[in-house]
2 protein chains.
Amino acid sequence: MNRPEPDKPESDKLGSSVTMRDVAKAAGVSVATVSHVVNNKPGARIGDDARRRVQEAVAALGYRPNALAKTLSRGGSRFIGLVADAIATTPFAGQIIHGAQDEAWAHGYVLLVANTDGNEAAENEAIAMMLEHQVQGILYSTWYHREIVVPELLHQTDTVLVDCFAENSGLPAVVPDEEQGGRTATEALLAAGHRRIAFINTTSPSPAQSGRLAGYRSALETAGIDFDESLVFPAEPAQEGGYATAPRIVESKATAVFCHNDRVAMGLYDGLREHGLSIPGDVAVMGFDNQDVIAAHLRPPLSTVALPHYDLGAAGVRVLLGLKTASTHEQLMRVTCPSVPRQSI
Amino acid sequence: MNRPEPDKPESDKLGSSVTMRDVAKAAGVSVATVSHVVNNKPGARIGDDARRRVQEAVAALGYRPNALAKTLSRGGSRFIGLVADAIATTPFAGQIIHGAQDEAWAHGYVLLVANTDGNEAAENEAIAMMLEHQVQGILYSTWYHREIVVPELLHQTDTVLVDCFAENSGLPAVVPDEEQGGRTATEALLAAGHRRIAFINTTSPSPAQSGRLAGYRSALETAGIDFDESLVFPAEPAQEGGYATAPRIVESKATAVFCHNDRVAMGLYDGLREHGLSIPGDVAVMGFDNQDVIAAHLRPPLSTVALPHYDLGAAGVRVLLGLKTASTHEQLMRVTCPSVPRQSI
DNA sequence: ATGAAAGCGCTAACAA
DNA sequence: TTGTTAGCGCTTTCAT
């Protein structure tokens, strides 16, 4: 024997690969036995003694099962892929990752993420990579609610669309319930006694544009108020849009305004202030999105309706895992946008 | 023969497991050969004919290598773990994920993410999970720059700290260069001709608090301006803090203000406006963080200094992969905070 | 130039 | 109750 055994008694850092065999040897049992006790196999009768010895060996050696090997032999990994067009980029939509991760975790799955920046090549590479890693399925998400065309590769595995949808793709989708959100926002204003409620809507066609408008109308109708076309103002969905619309809001004599989103509300705040109007004293303002940095810290704090990003992510994995089926016939699952009351009403 | 072969000619969706053996059979060669051509092995002499047949079979069958099996047999996976305390939660720090993912990707690695919400149990579980998945190493990051105590488990693999550090842990860390950032911010004000520059600093002790102050002093000194203690105002690092400090800023006769962060600047805008002061006409304002939703959309748009989250993430994986060593003796790598000029100066 | 065969760490029959 | 053994899909000597 001339190969001096390199002495690494304790579980060291690099290549800390203590295998099941090592444990078996140390405990004086077979790998099968080790496997059974580490996994706490149900129908496995292991002697108290053997079990104890294995456990001790595991502890002593610092054994850690190799999840990859396990996957290989058992088939079916514990990975879920999340490919996003810009989700880690945009401020609050990162919550989709968070929700997906938590939910995946809760079911023993690990999240593999890839940001594609909307680049098609990157997207395909990302999906391919996930496929090669044997993901159980893929969550394909966008940073704002819209219709997409599904990348071909996605059909090679189970996938669910998150915060986006594709009409005849047959793929389940989880999206925010824009209409309910619009209704909720309007109802909050109604509840505060307002009857003349303006709506600053976005100019870009989208589920948000039509959905929130529908919700606004529906709430008014329910309250017995006639819809007044002249009270809905199209505007760029940003601060500038809200600011620019302020004069017309003042003219309209509306006592409350439902803004397409928080940024518009932020701009409106500025515009209204320049007109010497106070919020909510002179006019009540309702936002949408619940973009925290903005909404919670405007003066006064903005009442708004939240986009349920966290829930979208979580619901996405639930659907993927088959724990919850996208209910409606069109397998489109709408997630509630909750009201977030603050002081602008 | 009584087992009717289920006919799935085309690469179907579920269990689309076309293995290397299938390809080998189809091409009439051995798996070794297939392995060689798929991986384009350098020192492998494969006949033109065989190579072609393999490639055709691969295409025909829709073969896709199993990355997990590859890892098992070759040893050394292509995973990098990212455990964050709240990174997917907080608005802009999600950029750390983005940067890490892009860089990992560029080197053929896949990102495994876990959000722990600062919960220690979740944290350990997350790290353990990553270890079991044979990650090459772990990026441990926090959502704001601070000192941490390193979870014991992290020592079982290579890890680099991102946006945080631990004095005597021996672990490399990548953090924003707060001092340079403070200097840069102050210099921007100086460059615009200001000599009486106030600094609204946070009240919470942190690398940001001390670093930005040091940068502020250093810039003044270089400009030959005496540091005036009465010009630095402690304030809560949020809108409210900036708003509340406005009166004292006015009193101080400062012509420019460097705010600890953009939210403070946002509050200051409100306060200044109430005093009838305009920006930048009456007083110039500089922020810090470059929190997009705020900075780019205030009126006027806020000049600020960016926290380089994307770069932190990217640099983190570079250090982890040994492509770049955390230079200084203390293996603390400081990343530059770039100036983002807009219209508030 | 190509193939056979021995693993990688683990699971799951099946024996004993 | 415990051990043997044959894979899982792939890489990699080592023969041929």
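The figures that follow rest on heavy atoms only: side chains count, while hydrogens, waters and symmetry mates do not. Reminder, nothing fancy here: chain letters follow the sequence lines and each chain counts from 1.
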Student: List in chain and number order the residues that pass side chain to side chain contact (heavy atoms under 4.5 Å, CB included) with A:Arg146, two or more places apart in sequence or in another chain; answer none if no residue qualifies.
Tutor: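 Only A:Asp85, A:Thr142, A:Tyr144, A:Ile148 meet the side chain to side chain contact (heavy atoms under 4.5 Å, CB included) criterion with A:Arg146.
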Student: For the pair made of CG in A:Leu61 and C1' in C:dG9, what is the distance, rounded to whole Å?
Tutor: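 It works out to 15 Å between those atoms.
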Student: Sugar-phosphate means primed atoms, P, OP1 and OP2; the rest is base. With that split, encode nucleotides 3-16 of chain D 5' to 3' as B, S or - using protein heavy atoms under 4.0 Å.
Tutor: BB--BBBBSB----
Student: Take atom CG of A:Asn40 and atom P of C:dA12, then tell me their distance rounded to the nearest Å.
Tutor: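 Spelled out: CG on A:Asn40 to P on C:dA12 is 14 Å.
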Student: Under the ring-ring contact (aromatic ring centres under 6.0 Å, His included) rule, collect the residues that match up with B:Phe165, sequence neighbours excluded.
Tutor: B:His145
Student: Could you tabulate the donor-acceptor pairs under 3.5 Å formed by side-chain atoms of residues 51-59 of chain B, not counting sequence neighbours?
Tutor:
residue	atom	partner	partner atom	Å
B:Arg52	NH1	B:Glu56	OE2	3.0
B:Arg52	NH2	B:Asp49	OD1	2.6
B:Arg53	NE	B:Ala27	O	3.1
B:Arg53	NH1	B:Asp49	OD2	2.6
B:Arg53	NH2	B:Ala27	O	3.1

Student: By side chain to side chain contact (heavy atoms under 4.5 Å, CB included), which residues pair with B:Ala126, not counting sequence neighbours?
Tutor: A:Trp105, B:Ala114, B:Thr116
Student: Please report the distance, rounded to the nearest Å, between NE2 in B:His133 and P in C:dG9.
Tutor: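 Going from B:His133 (NE2) to C:dG9 (P), I get 17 Å.
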Student: Go through the structure and list residues passing side chain to side chain contact (heavy atoms under 4.5 Å, CB included) with B:Ser73, not counting sequence neighbours.
Tutor: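 So B:Ser73 forms no side chain to side chain contact (heavy atoms under 4.5 Å, CB included) with any residue.
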